[in-house]
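Below is one structure, written out as structure tokens; comments come after it.
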Amino acid sequence: MSDAMYRDQILDHYKHPHNQGHLDKPDARFSDNNPLCGDEIEVFLKIGKDAKGKAIIADVKFKGQGCAISTASASMLTDEIKGLTLDQIKALTRDDVFKMLGVPISPARVKCALLSLKAIKAAVYAYLGQKLNEKVE
Ligand code: FES
């Protein structure tokens, strides 16, 4: 895809975000904000199991206020992570997000681009921590 096509894709996800909303009784949720602008995101996860019994993202939604890059990033990332195992989520990097967005991200926009990844990872770690506590108790 050309830069212009990536830009159109970002604008389209910003105007019509996928997976926006919330989940009733999520298995995990986490809210985070970009301290530079105060914009917030909250993610909701439903955790399921794949055929091998590994924990996967069965469903995901997000809500919040953000700029074009943060909203498009959340929209695209929530599409991408459905069906991934929690180990695959833990392994996602900032470069995966930059590659997904497909356009150069200026230093001022890095936090915008990564806000949803941070919140998704934090929700996964919160879920894993809760499961560990249940095992210990
Ligand atoms: Fe607030 Fe981008 S300017 S998240």
Side-chain angles (χ1 to χ4, degrees):
M1 267 204 301
S2 68
D3 263 21
M5 284 165 81
Y6 274 114
R7 266 178 239 286
D8 283 352
Q9 182 174 261
I10 286 174
L11 218 54
D12 195 47
H13 276 272
Y14 174 53
K15 287 185 188 158
H16 311 285
H18 302 181
N19 310 307
Q20 210 173 29
H22 78 283
L23 293 173
D24 286 331
K25 299 189 185 154
D27 294 305
R29 66 198 290 171
F30 195 86
S31 54
D32 205 349
N33 69 75
N34 180 348
L36 298 180
C37 62
D39 288 343
E40 287 186 342
I41 186 173
E42 182 168 17
V43 300
F44 304 84
L45 302 178
K46 278 272 186 210
I47 310 293
K49 294 242 190 274
D50 69 7
K52 292 179 182 159
K54 285 196 163 202
I56 57 164
I57 305 293
D59 202 3
V60 52
K61 297 267 188 215
F62 76 96
K63 64 180 185 183
Q65 279 296 322
C67 61
I69 292 288
S70 79
T71 304
S73 178
S75 174
M76 293 163 84
L77 197 55
T78 49
D79 274 350
E80 293 280 322
I81 66 168
K82 280 184 199 163
L84 292 190
T85 66
L86 301 193
D87 284 340
Q88 287 173 314
I89 301 288
K90 282 159 57 182
L92 286 174
T93 66
R94 52 198 278 147
D95 287 339
D96 292 326
V97 174
F98 296 149
K99 202 188 292 175
M100 178 190 77
L101 290 170
V103 292
I105 301 295
S106 69
R109 291 294 185 175
V110 166
K111 281 200 175 356
C112 307
L114 298 178
L115 186 57
S116 52
L117 177 64
K118 263 180 68 196
I120 288 166
K121 282 199 177 207
V124 165
Y125 280 107
Y127 172 79
L128 293 172
Q130 179 191 318
K131 287 284 154 208
L132 198 65
N133 275 340
E134 285 170 12
K135 269 191 197 160
V136 171
E137 280 165 10

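Just so you know, ligand 1 is whichever comes first in the structure, and atom 1 is the first atom listed for that ligand. As a basis for the values below, the full set of heavy atoms in this structure was taken, side chains included, without hydrogen atoms, waters or symmetry mates.
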Please find the pair of heavy atoms, one from [X] and one from [Y], that lie closest to each other, and give the distance.
{"X": "Arg29", "Y": "Phe44", "result": "NH2-CE2, 3.4 Å"}
{"X": "Val43", "Y": "Ala119", "result": "CG2-O, 3.5 Å"}
{"X": "Glu80", "Y": "Met100", "result": "CG-SD, 3.8 Å"}

Checklist entry - Is any side-chain N of the basic residue among Asp95 and Lys99 closer than 4.0 Å to the acidic one's carboxylate O? => result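 The answer is no: the pair does not qualify as a salt bridge.
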Next on the checklist: Closer than 4.0 Å to some heavy atom of Arg109 - which atoms of ligand 1 meet that?
Outcome noted: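 So the atoms of ligand 1 that pass are 2 (Fe), 3 (S).
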Next on the checklist: Using modelled atom types and a 3.5 Å cut-off, is there a donor and acceptor pairing between side-chain atoms of Asp96 and backbone atoms of Thr93?
Outcome noted: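 Flag set: sc Asp96 to bb Thr93 pair under 3.5 Å.
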Item to check | Atom NZ of Lys121: over 12 foreign heavy atoms under 6.0 Å | outcome: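 Enclosed.
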Next on the checklist: Could you enumerate the protein N, O or S atoms under 2.8 Å from atom 1 (Fe) of ligand 1, written like residue then atom name?
Outcome noted: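 The answer, once waters are left aside, is Cys37 SG, Asp39 OD2.
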